[in-house]
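Comments concern the structure below.
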Protein chains: 2
Amino acid sequence: MLSTTKMKRSLPDAKLDAVFHALGDRTRRALLARLADGPAMVTELAEPFRMSLPAVSRHIRVLEKARLVARNVDGRVHRCSLRAEPLAGIQQWLNHYRHFWEGTLDSLVAYVEHSKHE
Amino acid sequence: MLSTTKMKRSLPDAKLDAVFHALGDRTRRALLARLADGPAMVTELAEPFRMSLPAVSRHIRVLEKARLVARNVDGRVHRCSLRAEPLAGIQQWLNHYRHFWEGTLDSLVAYVEHSKHE
DNA sequence: GTAATATTTAACAATATTGTTTAATATCTA
DNA sequence: TAGATATTAAACAATATTGTTAAATATTAC
């Protein structure tokens, strides 16, 4: 059984603020979607967008502050990668509300089981 | 099986923008938490906060725009209630990333099964 | 060493957000 | 009708966000 000390608690407000704020911009969500396919350098990340490189650079910074993106500097190249932990955090937050849109836990199980078969 | 036409697609960018933005403020999240316990009028909702009533009123408006709150006007009283559909929408969005923080679909099933037994 | 490349910083401008206080509106109540 | 109640609207101020362009930095390549 789950001990009290091991029970995950919700992210603190400040973290939720940062993560939800970071996700509240479609450019940043697109960056995350790109990073879901694997790490990329800043220039690569910026390429698909109409906006300037500095603009994208700062979007990346916002994602970094929310810890949704990690950066590994190698020479002049900054390689960015997705960090999904904060998403697990908002998943937990969401769980408090799940029963409002899903009938029962069983329906979730059914949903997941189903999605395994495509 | 799921037909293509019945497959849920992700919320459009504009909706995700609105929902994530609405959730990116701790006051608004607290309002939602309160509404999870049942509908409430604006004054009730505002009572726990240090800020002015008009300020809370506008937070509610933001939640309404994101369709996270519905309002039922009855005389001079506006009764607000939680609308969780947009949360299901961000749940769907999250699902695209779930495999980054959970091992496999099986582990999710195990998790949910487990949580049924406390 | 000079030039090209990768990225950030700086300096601005345009908007958006958020909170305040003071009306304005509408609805009950006595 | 007069006053209390519930709520929004208006007008502001402070700050934050987001994008631009023009440097500044650091690193690699020739």
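What you see is a predicted model; the values in this text were computed from it and never measured. Numbers restart at 1 for each chain; the letters A, B, ... are given by sequence-line order, proteins then strands.
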How long is the line joining [atom1] of [X] and [atom2] of [N], in whole Å?
| X | N | atom1 | atom2 | value |
| --- | --- | --- | --- | --- |
| A:Leu53 | D:dA23 | CG | P | 17 Å |
| A:Arg71 | D:dA26 | CZ | P | 16 Å |
| B:Ile60 | C:dT17 | CD1 | P | 17 Å |
| B:Glu44 | D:dT5 | CD | P | 15 Å |
| B:Asp17 | C:dT15 | CG | P | 18 Å |
| A:Asp74 | D:dA26 | CG | P | 17 Å |
| A:His21 | D:dT15 | NE2 | P | 18 Å |
| A:His78 | D:dA26 | NE2 | C1' | 9 Å |

N/O donor-acceptor pair under 3.5 Å between B:Arg28 side chain and B:His59 backbone: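 Here the side-chain-to-backbone pair does not exist.
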Base of D:dT7 paired with side chain of B:Arg76 (donor-acceptor, under 3.5 Å):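 No such pair is found, so the answer is no.
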5'-most by nearest nucleotide on DNA chain C - A:Arg79 or A:Arg58: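 That would be A:Arg79.
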Which residue lies more 5' along DNA chain C, comparing B:Val77 with A:Pro54 via nearest heavy atoms: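 The answer here is A:Pro54.
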B:Arg79 CZ: over 12 foreign heavy atoms closer than 6.0 Å: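 Result for CZ/B:Arg79: enclosed.
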salt_bridge(A:Glu85, A:Arg67) N-O dist < 4.0 Å: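 Looking at A:Glu85 and A:Arg67, the cut-off is not met.
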Looking only at side-chain N and O atoms, does [X] come under 4.0 Å of OP1 or OP2 in [N]?
| X | N | value |
| --- | --- | --- |
| A:Ser57 | C:dT8 | yes |
| A:His59 | D:dT17 | no |
| B:Thr27 | C:dT18 | no |

Residue pair A:Leu53 / A:Thr43: nearest heavy atoms and the distance that separates them: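 Between these two residues, the closest heavy atoms are CD1-CA, 4.3 Å.
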5'-most by nearest nucleotide on DNA chain D - A:Ser52 or B:Met41: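 With A:Ser52 and B:Met41 compared, the 5'-side residue is B:Met41.
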Parallel, tilted or perpendicular: ring planes of B:Trp93 versus B:Phe20, cut at 30 and 60 degrees: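 If you compare the ring of B:Trp93 with that of B:Phe20, the planes turn out perpendicular.
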Touch class at under 4.0 angstrom, heavy-atom based, for A:Arg28 against every strand present: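 Result for A:Arg28 = sugar-phosphate.
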